[in-house]
Novice: 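So that we are looking at the same thing, I have put the structure below in structure tokens.
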Amino acid sequence: MTLAEAPMAEAAAETVLSVEGLTVSVATEGGLRPLVRDASFALRRGETLAIAGESGSGKSITSLAVMGLLPVNVRATAGAVRLGGTDLLRLPEGRLRGLRGDRIAMIFQEPMTSLNPVMTVGAQLVEAIEAHEPLPRREAQARALEALRAVRLSEPEQRLRQYPHELSGGMRQRVMIAMAIALRPDVLIADEPTTALDVTVQREVLDLLRDLRREMGTAIVLITHDMGVVAEMADRVVVMKDGAMVEEGPVRRIFEAPREDYTRALLAAVPRMGSRPAEAPRPRSAPVCALRDLTVRFDLHRGLLGRATHRVHAVEGVSFDIRAGETFALVGESGCGKSTIAKAIAGLVPFEGEIEVAGRKLHGQGDVTRAVRRDAQIVFQDPAASLDPRMRVGDLVAEPLVVHGVGHREERRATVERLFEQVGLSRAQADRYPHEFSGGQRQRICIARALALRPKLIVADESVSALDVSVQARVLALLRDLQQATGVSFLFISHDMAVVDSIADRVAVMFLGQIVEMGTRAQVFGDPRHAYTRRLIEAVPVPDPTHVRPPRERMASEVPSPVRLRTDPPVRLTLRDLGGGHLVAVG
Amino acid sequence: MAGYLLRRLVQSVLILLGVTLVTFFLLYVLPADPVRQIAGRSATAETVESIRRQLGLDQPFWVQYGRYLWNLLHLDLGRSYLQRSEVAELIRARLPPTLLLMAGAILCELVLGLTMGIVAALRPGTATDNGLMIASFVGVSAPQFVVGLLLLYLFGVRLHWLPISGYGTFAHLVLPSLTLGILGAGWYSRMMRSSMVEVLRQDFIRTARAKGLTRRRVILRHALPNAILPIVAMIGIDIGVFMGGIVVVESVFGWPGIGQLAWQAIQRVDIPIIMGVTIVSAVAIVLGNLLADLVAPFIDPRIRLR
């Protein structure tokens, strides 16, 4: 239940944090340039206020300004940030420091890099406590332990002695939260706290934040791009765009009756599970890619003599067909082996079993020749990192043609121009460099490059994951259009269930290197049979504040490791056909 | 850990073997004739040849080298051609001053270099930063004999603050240590600055500030241990640079260490001493690097020795 459903309680609560007319500017050579303009909102005790927006909206800068943690060349140029009665912007650094971590605390997006790698978890927690309360060491340690228990971390005594690299991402984020709440702050600012986490871990962390708010009465400022998280967590919402507030209101009002066009567009772009109508099944076409018993293992060398004692079972006996003109999706959490399958098809990792691409049967990495790569192209997750910054984008798109000796210079130029138009860019843009484009445009360039050789299959490995939702929606639409126009097949790899639901024809769910469930989109999402599939679907935040989530046992689980002793291979799952091609792992 | 040490030990022995081979070969093909040095100008051809036979220098290269290695295996570095005493004994007597000088130099370069680097990193782009980096550039590019003579002139001759040369008191140690340390301080300040600037950008520094830690604690407890890691690896390599430097510095300041010993031996083609000093230097470099590698996991728990 959210507080929005109890307006009486909301009205009675006092304001703990208020931001009034906050303007934050960056010093550039041309003078001050505003990053956030005239932002105002208030946060009441025990309330969760979500600041939602896409990248560049100024939502993170706003939170850093509240904490007084802005980068050196950025500063608050107008307005006030009041915590209780004091204006934090006017406070000298020494007094602000006393409040930071004590009355107002913050957790960040990247749990992997937000903890000091050379200090134990315990030392980092104790230090946070001792910075504000002069306690004897023993007592501070007891408080640290208590905080770790509060975030439901398993074996807390042991965790105190461990270093961050010994913990998983979810565990590290729990440590971050423990550090932030150890002194029971009035305000907790959570900047994209679950964006870097797997969906089931995200669910656990969101549950935890909600419980902590209830138990401690901490007010939370939740900064997120994910409207599902907003709907589940927030009492009120501030929508930001390009450094300005677009709209503010109770969460239900924002979702049910958005007043501004931008909010409406933002909500319309959010992929929702189950929103796509069921289609008539496609006629069965011939497969363009078939995996038979694909297995990828990596040996780990440990011990005195560097012998391989352990083995990573990244992919273990995976079989499926991708038919012509179809979008086949692989979903699963990090480490499940979905990207390794993409790498095997591209010939980037050694594999066992058989991969058939466009009629060629491949039995090992060496068989993945240039001709095979011509038929199967990849689009990666990070478009900025997969385009050479020193090459013109037109040359980047033409490069596969050059490598494969297709056409002469003028023909290639014509092809590039045609491809640019096909992916929604103008011909003239071909002469520019990658940094001149936005993230979405760069991904379009990557798609154009993948299309250049007219492949039969495009492997899209988390290709829309790094994009803002509105951009993501347009790129997904582009992929659908391209498929209609060219008949190309997609192997669509994603951790995002809602995105997969919106684009896939057939879906396979992977867990620990094996497929646990496979079928059409309607079969897997509409009638999930495997416990893991259900857990994944259940964990997805629903962008609807009226959605009531069934109560669930609070968990702090971790995905088990695919690393095993060489002498102890994993049990192969058998898939049983429930009818109509709906396969589920048994046993 | 035991396996790691064993492997490093084997590696070290191979490196030392390589060093002896290369040095011995270079001295063998050297046009200067050690026998002429021993015999003096007026010696007859027969005398020269008899000395040559006596020292075994008439033997082919591999026989000479084999004999040297065999002796080395028995920890026998041979006898000096000219000083009429054991090389091991000569080096043992000269080692303490050199170790003292090296300790002084390491202290100088760490204190100077790290302080300059950290101060510059905390104020990037300011006049302080630019000034410090220009100073470090001068430190890196100025030849040691020039630095040594400048320091000598300034603090010894003009100001009379410190003795010009000699060995014995703390005051004697200052100028040679500084001369030897300034080059390293220049390098370290640049490395420390870039390492520190990089670390200060990291997410965990923001976390530390968000916890409400003092600036001092953020820098000393969070930034410094992370930034210092590349420097630790450098100290190991630095021993080698020092070994080159002490030859010059000890001569300039009349410091009775193995650098001076080596300098005299090179002038007189006293092959056993040159070999002995080279081997001792090589051992020091190997040990320095091993030590740096062994210390690294204590600074960064993510590093595992394999």
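Any value given below was found using the heavy atoms of this structure, including those in side chains, with hydrogens, waters and symmetry copies removed. Letters A, B, ... mirror the listed sequences (proteins, then strands); counts begin at 1.
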Novice: Non-hydrogen atoms of chain A under 4.5 Å away: do they reach the side chain of B:Arg221, the backbone, both or neither?
Specialist: both

Novice: Heavy atoms only, distances under 4.5 angstrom: which of A:Ala180, A:Ala131, A:Pro117, A:Pro71 has the most pairs with chain B? Name it, please.
Specialist: A:Pro117

Novice: Measure distances from A:Gln124 to the heavy atoms of chain B and classify the residue's part below 4.5 Å as side chain, backbone, both or neither.
Specialist: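 For A:Gln124, the contact with chain B is made by backbone and side chain together.
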
Novice: Sort by residue number and list every residue of residues 81-101 of chain A having at least one heavy atom under 4.5 Å from chain B.
Specialist: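 Against chain B, the residues of residues 81-101 of chain A that fall inside the cut-off (heavy atoms, under 4.5 Å) are A:Arg97, A:Arg100, A:Gly101.
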
Novice: Backbone N or O of B:Leu213 within a donor-acceptor pair of the A:His132 side chain at under 3.5 Å?
Specialist: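 Looks like no, no N/O pair under 3.5 Å.
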
Novice: In terms of heavy-atom pairs under 4.5 Å, which option from A:Met176, A:Met119, A:Gln109, A:Met106 contacts chain B the most?
Specialist: A:Met119

Novice: Taking all heavy atoms of B:Arg209 and all of A:Gly68, pick out the closest pair and write down the distance.
Specialist: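 In terms of heavy atoms, the two residues are closest at NH2-O, 3.7 Å.
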
Novice: Quick one: salt bridge (charged side-chain N to carboxylate O under 4.0 Å, His left out) partners of A:Glu166, sequence neighbours excluded?
Specialist: none

Novice: Measuring heavy-atom distances to chain B, does A:Met112 have an atom under 4.5 Å in its side chain, in its backbone, in both, or in neither?
Specialist: neither

Novice: Is the positively charged end of B:Arg302 above the ring of A:Tyr163, judged by distance under 6.0 angstrom from the centroid and angle within 45° of the axis?
Specialist: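 Because its charged atom misses either the 6.0 Å distance or the 45° angle limit, B:Arg302 does not stack over A:Tyr163.
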
Novice: Please check if any side-chain donor atom of A:Glu127 sits under 3.5 Å from a side-chain acceptor atom of B:His222, or the reverse.
Specialist: yes

Novice: Less than 4.5 Å to any heavy atom of chain B: does that hold for the side chain of A:Leu115, its backbone, both, or neither?
Specialist: backbone

Novice: What part of A:Ile129 is in contact with chain B, defined as an atom under 4.5 angstrom from a non-hydrogen atom: side chain, backbone, both or neither?
Specialist: neither

